[in-house]
Amino acid sequence: MSYDVIIIGGGQSGLAVAFYLRRTNFNYLILDEQSSPGGAWLHTWDSLKLFSPAEHSSLPGWLMPKDSTEYPHKDHVINYLSNYEERYKLPIHRGVEVTDVRKDGQHFNITTNNGNYSCKALVSATGTWKKPFIPHYPNREKFEGTQVHSAQYKSPKPFKNKKVLIVGGGNSAAQILAEVSKVAITKWMTLKEPKFLPDEVDGRYLFEFATKQYKAKLEGKEIQPAGSLGDVVMVDTVKEARERNVLNAIRPFTSFFEFGVQWQDGTKEEFDAVIWCTGFKASLDHLAGLGIDIETRIKTNQTKAVEYPGLWLVGYGGWTGFASATLIGVGRTARRTVEEIAEYLK
């Protein structure tokens, strides 16, 4: 099966690229390994909410409808992505796992669990969820308690009446700490003191300011931020945790032992579980056959892979375009990607 353009990944980034491709005459297709719409949102923890209102969390072309609360629940986002696919009749083959990509002349040959495909231009939009990152700490393998990454975390129920160490300084850590601390004894460990945004500042203000900052940088100017996209947004659950005085972070331990961790002063403390909220790496294993070192960041100009003609990477974070890992931000990089693909395929 041969196409002009194939998009690997049917989450928010893949849908945004497809939205602009439908305005062209190209023959295109999305390959998605999920059995249903929603991308990475299908795998997040049960209580997750956006920290921007619906109208500030939309893909190109169609505003996300409002939820019953100001900040949409993950199920609302999944429903929106599902309806987005249907609204624009985007061509998707589901349950298709890409196992290998090779290039033969001007064509990419794609091997999957459901047959082979080929295309002239390839967009990788697989995100990061499949590549959770856990930093190295000595003797981690000797720890006999439970270890989960936020990628596997679903709810606080398994941690009831236990002693839990939560590692990481971002929004995921703060939100998971907020709910686990209701049922367990918790400690919060961060590399440096976490930054909390003012109560009235949420994701919409951060994105708007970051956009101004980005434009100013292009003009050789500099404006000082009031916060960053990595600072903790004070959603209701985090505010409630603040009232319970649980948002107190301590600096890193030095190593594990069988029953817990050893702190910098040499003291040891026992824990039943560790929840790692330490981020993700780009999920690019499917591109290894192109000779790409998937453990290092691919050199890009916005989304275009500089050293691999015909390949674009969309939605992996700031290195593939400003705010490209966000619902509202990926539209801008998706549009530019399709413009570049059109030029490439001339």
Side-chain angles (χ1 to χ4, degrees), residues 3-32 37 39-41 50 52 54-65 77 80-92 108 119-128 203-204 206-219 229 282 284 298-306 308-346:
Y3 295 83
D4 294 319
V5 187
I6 284 180
I7 303 165
I8 303 175
Q12 61 196 39
S13 301
L15 298 185
V17 174
F19 171 82
Y20 289 108
L21 280 172
R22 63 185 284 276
R23 296 179 172 181
T24 71
N25 293 320
F26 297 133
N27 183 21
Y28 70 97
L29 177 68
I30 301 171
L31 301 178
D32 189 44
W41 292 96
L50 294 175
S52 296
E55 61 269 26
H56 292 269
S57 306
S58 303
L59 292 177
W62 183 41
L63 285 177
M64 180 187 291
V77 179
Y80 168 68
L81 295 176
S82 179
N83 290 335
Y84 189 94
E85 285 184 24
E86 179 61 28
R87 183 185 184 95
Y88 295 115
K89 307 298 181 187
L90 302 178
I92 300 179
F108 291 94
C119 61
K120 301 172 187 174
L122 179 65
V123 178
S124 182
T126 49
T128 62
R204 90 192 95 171
L206 286 177
F207 183 79
E208 288 169 359
F209 181 85
T211 300
K212 293 177 183 176
Q213 192 178 44
Y214 173 75
K215 291 179 179 177
K217 187 177 180 181
L218 293 178
E219 297 170 359
L229 289 170
L284 298 173
I298 298 172
K299 187 177 181 181
T300 57
N301 180 2
Q302 296 293 313
T303 62
K304 184 190 296 182
V306 174
Y308 302 90
L311 174 64
W312 282 262
L313 299 101
V314 179
Y316 293 97
W319 62 282
T320 58
F322 168 70
S324 68
T326 65
L327 278 160
I328 194 171
V330 72
R332 181 181 296 150
T333 51
R335 175 188 289 176
R336 175 167 174 164
T337 296
V338 173
E339 289 172 353
E340 291 178 352
I341 289 173
E343 184 65 26
Y344 175 77
L345 293 179
K346 271 186 179 178

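Every heavy atom of this structure was used, including side-chain atoms; hydrogens, water molecules and symmetry mates were not.
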As an exercise, state the distance from OH of Tyr20 to OH of Tyr88, rounded to the nearest 0.5 Å.
9.5 Å
When you measure from the side chain of Ser52 to the backbone N and O of Ser57, does any donor-acceptor pair fall under 3.5 Å?
no
Note, Ile341 side chain near Val123 side chain (heavy atom, < 4.5 Å):
yes
What distance separates Arg335 CZ from Arg23 CZ, expressed to the nearest 0.5 Å?
7.0 Å
Could you walk me through whether Phe108 and Lys120 satisfy the side-chain contact (heavy atoms from CB on, under 4.5 Å) test, starting with their C-alpha distance in whole Å, then the side-chain angles of each, then the deciding distance to 0.1 Å, before giving a yes or no?
CA-CA 6 Å; Phe108 291 94; Lys120 301 172 187 174; over 6 Å; no
Parallel under 30°, tilted from 30 to 60°, perpendicular over 60°: which one fits the rings of Phe19 and Tyr84?
tilted
Side-chain (Asp32) to main-chain (Gly10) donor-acceptor, under 3.5 angstrom:
yes
Is it true that Arg336 and Glu339 have a side-chain N and a carboxylate O under 4.0 angstrom from each other?
no
Would you say Ser58's side chain and Ala54's backbone share a donor-acceptor pair under 3.5 angstrom?
yes
Taking C-beta and beyond as the side chain, do Leu327 and Met64 meet within less than 4.5 Å on heavy atoms?
yes
Taken to the nearest 0.5 Å, the spacing of Thr337 OG1 from Ile7 CD1 works out to 9.5 Å
Is it the case that Ser13 and Tyr316 place a side-chain donor and acceptor less than 3.5 Å from each other?
no
Is there a side-chain contact between Leu122 and Tyr308 (heavy atoms, below 4.5 Å)?
no
Chi angles and distances behind the side-chain contact (heavy atoms from CB on, under 4.5 Å) call for Leu284, Leu313
CA-CA 10 Å; Leu284 298 173; Leu313 299 101; 3.6 Å; yes
Does either side chain, that of Trp312 or that of Gln302, offer a donor lying less than 3.5 Å from an acceptor on the other one?
no
Looking at CG of Leu31 and OG of Ser124, how far apart are the two atoms once the value is rounded to the nearest 0.5 Å?
11.0 Å
Does the side chain of Val338 come within less than 4.5 Å of Val314's, by heavy atoms?
no
Does some side-chain heavy atom of Val5 sit less than 4.5 Å from a side-chain heavy atom of Leu21?
yes
Between Ile6 and Tyr28, is there a side-chain heavy-atom distance shorter than 4.5 Å?
no
Do Tyr80 side-chain atoms and Leu59 backbone N/O form a donor-acceptor pair below 3.5 Å?
yes
Restricting to non-hydrogen atoms, name the atom on Ala16 and the atom on Val330 that form the minimum distance, rounded to 0.1 Å.
CB-CG1, 3.8 Å
Does the side chain of Thr320 come under 3.5 Å of the side chain of Thr303 through a donor N or O and an acceptor N or O?
no
Is any side-chain heavy atom of Leu15 less than 4.5 Å from a side-chain heavy atom of Ile92?
yes
Taking atom CZ as the centre, does Arg22 end up with more than 12 heavy-atom neighbours from other residues, nucleotides or ligands that are less than 6.0 angstrom away?
yes
